[in-house]
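All values below were derived from every heavy atom in this structure, side-chain atoms included, with hydrogens, water molecules and symmetry-related copies excluded. In what follows, chains are A, B, ... by sequence order, proteins preceding strands, each numbered from 1.
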There are 2 protein chains.
Amino acid sequence: MKRTQDRSSSTAPDAAGNATLVDVAQAAGVSLATASRAFNSPALVREGTVQRVLDAARQLSFRPNLLGSKLRAQQSRMIGVMLPTLENAVFAECWRGIEDAALAAGYSLMLVTSAYDPARERERIEYLLRHRVDGMVLTVADAARSAVLDQLDAEGVPYVLAYNQAAARGQRHSVSVDNRGSAREGVQALIAAGHRRIRVVSGAFIASDRARQRFEGYRDAMHAHGLEAAPPLCLPTHTASNADQIGALAAGPDAPTAFFCTNDLLAIGVISDLKRLGLRVPRDISVLGYDGIALGALVEPPLASVVQPNPEIGARAVAQLLARFGLAAAGVSNVSGIPDVSRVSGARPGRITLLPHGLRLGGTVAAPA
Amino acid sequence: MKRTQDRSSSTAPDAAGNATLVDVAQAAGVSLATASRAFNSPALVREGTVQRVLDAARQLSFRPNLLGSKLRAQQSRMIGVMLPTLENAVFAECWRGIEDAALAAGYSLMLVTSAYDPARERERIEYLLRHRVDGMVLTVADAARSAVLDQLDAEGVPYVLAYNQAAARGQRHSVSVDNRGSAREGVQALIAAGHRRIRVVSGAFIASDRARQRFEGYRDAMHAHGLEAAPPLCLPTHTASNADQIGALAAGPDAPTAFFCTNDLLAIGVISDLKRLGLRVPRDISVLGYDGIALGALVEPPLASVVQPNPEIGARAVAQLLARFGLAAAGVSNVSGIPDVSRVSGARPGRITLLPHGLRLGGTVAAPA
DNA sequence: GTGAAAGCGCTAACAG
DNA sequence: CTGTTAGCGCTTTCAC
């Protein structure tokens, strides 16, 4: 008993969109192959035939079963996305860019979060792999020494890093801003405003190579001006109130006049801690963030920050991955309108896209008292 | 030329995890069916055999192709998730609960955002349907008059609403807090603090049935105390600075002494606007938010808010969907530890889960001057 | 241009 | 307990 024939002959496919391509083909009086072609390569099919197939499909409220095509085509047209968390708006903004770009290009998405945890990174990537994603857009804790990235390379799975900035001479692909350079610029703006004693506040360094790179940028700026770079204050978690540590740092005669926080969420927390300590921002002390999340522009005073183009980072990461597939749809290759300042090095190099950053000053940054 | 045989006999499956179950079966000296069972129903297979299969799988770095099983099983074990945006932390927090609960139960996820746009809601849901998700967790603009929800009902696609609170006598399933009741409580707290002139600030009403329900709660509270409920101030967008409108509202002799904002993001914006107008919160004017996003506790003064258990809303929505499937894994049915205060009505009713809310007071709420 | 046939990788009767 | 067999819905040679 062949169920397929059964249902396509006697059993009417229910209205719920459960008709298969066989049903459509039959209703249109063509073969399965032609029906398929009418959807995927209409150019190969006579116009009238295409129309008949499309009509039949509408009639039966045919809904293509993507599971079938993805399996058969040996190409899932799916992109796996792994981000540390969505609760930091940076990544939520990035997701918007990813979703727009991928769906516009006809790709499906599968999202997982790693919570900055390497073990979970491994596990979640395995999950993506089992779903046979064609490639991935990833933000990992530490791109330079990531076992899971090495594994992906070994298996030949295409991926593009987002936010992680691939090493210049490495083989990895990435889309980010110039973390170190932009941080240097930000701190230079602090110095230009008159600050001399500047401290860095960061999340856990092990959880973010970006944080380390931004700290390097801070050192660059300090040294360029003959100032002493102080060690960073690494806070274990972004969300807890770290008033004590901030207080200890902010007290004393040689207290810093400005803080550079390696991300905006952290900066907002630090500003609150400072307020609780009775310090006014930016009157008593300045705070510069990093990320440029929309929320930063919403608070009062507006959060000064090194601004990343988050949705563009996501969109470009997708576009670059598509390019790696050799399939970059023309329409999505540069949706952002942002010029490509990629640097290419070596043979068969990793493609490193550096997107321009911005500087949002004023607000929480002012001249020292 | 049968490729399958070719590769399983002569061609060694490459190390990249491209071995198929056939390869594993062969390597283990069992049939395809037994290999499959060793993974899916090991209880049906002799222990030693299971072990041989598992060993062979490890040997070949076998990675099950979920596309194959999902297609064949006529059950994708995938849950489609549609949220308005992730850029409001409410939904990002909710996603965490969804991801944890779904993956723990062995389900895969597919996420899309609707941007509060009904047209996009339709389109994105169609996308999910084409992927043959078994069911969905959705937050829609307006659950009461949603064409797309009606369509889903008609097609018999199981879904559970998150945040949207299904009508008491309807057939829809939902997980949320009691929007109206909790808003009433929040406003009552304002009244208890001495406020009499309280205004509601909301996002676009059409984009959120929750906002309307929360406004009703405000009216309830005001009327219960013989106070006059004023119409809401509906702001078109959450992110723009609406200082002008807020300013107009906050000026004059009969200016409100407190604002109730229907979500936290909005509240943070309003507070900034107020500051820009030279008003101090809560000294000159109090602000109460709604959502209880983590960020609210981070700012100074802490944002007073009606607190929703966001990750639990997500986790419970998943659990309830699983229950609808008749498959709720025991371990995930009440991960949150929050008691189930569901109300059930009528025959074959929509199951409405109301999760307890909290009230975070102090901070931006104080007695009127 | 169109059709017939093979099969993507896997699960699930049905036999033994 | 294990193997044989028949497809899930679709794409894609290969013929005509």
Restricting to ring pair (Phe, Tyr, Trp, His ring centres under 6.0 Å), what partner residues turn up for Y159(B), sequence neighbours left out?
none
[X] [atom1] to [N] [atom2], straight-line distance once rounded to whole Å:
{"X": "R132(B)", "N": "dG9(D)", "atom1": "CZ", "atom2": "P", "value": "8 Å"}
{"X": "N18(B)", "N": "dC10(C)", "atom1": "CG", "atom2": "C1'", "value": "15 Å"}
{"X": "Q26(B)", "N": "dT4(D)", "atom1": "CD", "atom2": "P", "value": "12 Å"}
{"X": "L60(B)", "N": "dG9(C)", "atom1": "CG", "atom2": "P", "value": "14 Å"}
{"X": "L67(A)", "N": "dG7(C)", "atom1": "CG", "atom2": "P", "value": "22 Å"}
{"X": "F39(A)", "N": "dT11(D)", "atom1": "CZ", "atom2": "C1'", "value": "14 Å"}
{"X": "R63(A)", "N": "dC8(D)", "atom1": "CZ", "atom2": "P", "value": "19 Å"}

Of all residues at least two apart in sequence or in a different chain, which pass the side chain to side chain contact (heavy atoms under 4.5 Å, CB included) check with [X]?
{"X": "Q59(B)", "answer": "none"}
{"X": "D142(A)", "answer": "A144(A), R145(A), D209(A), R212(A)"}
{"X": "A141(B)", "answer": "E121(B)"}
{"X": "R130(B)", "answer": "R63(A), P64(A), L66(A), E126(B)"}

Applying ring-ring contact (aromatic ring centres under 6.0 Å, His included) as the test, list every pair that has at least one member in residues 24-56 of chain A; sequence neighbours left out.
F39(A)-F62(A)
Positions of residues 43-54 of chain B (non-hydrogen atom under 4.0 Å from DNA chain D), listed by number
L44(B), V45(B), R46(B), T49(B)
I want to check one thing: is the phosphate of dC10(C), taken as OP1 and OP2, less than 4.0 Å away from some side-chain N or O of Q74(B)?
no
Quick one: side chain to side chain donor-acceptor pair (under 3.5 Å) partners of T49(A), sequence neighbours excluded?
none
Taken in chain and number order and not counting sequence neighbours, the residues that satisfy side chain to side chain donor-acceptor pair (under 3.5 Å) with R96(A) are E87(B)
Toward the 5' end of DNA chain D, by each residue's nearest nucleotide, A35(B) or L71(B)
A35(B)
Can you check each nucleotide of nucleotides 11-16 of chain C against protein heavy atoms at under 4.0 Å and return B for base, S for sugar-phosphate only, - for none, in 5' to 3' order?
BBB---
If we fit an axis to the first five pairs and another to the last five of the helix from dG1(C)-dC16(D) to dG16(C)-dC1(D), what angle do they make, to the nearest 10°?
30°
Enumerate the residue pairs fulfilling salt bridge (Lys or Arg N to Asp or Glu O under 4.0 Å) with a member in residues 29-52 of chain B, sequence neighbours excluded, ordered by first and then second residue.
none
Checking M110(A) against S108(B) for the side-chain contact (heavy atoms from CB on, under 4.5 Å) test, could you report, in this order, the C-alpha distance in whole Å, the side-chain angles of both residues, the deciding distance, and whether it holds?
CA-CA 9 Å; M110(A) 205 133 229; S108(B) 309; 4.2 Å; yes
Would you call R122(A) and D117(A) a salt bridge, taking side-chain N to carboxylate O under 4.0 Å as the test?
no
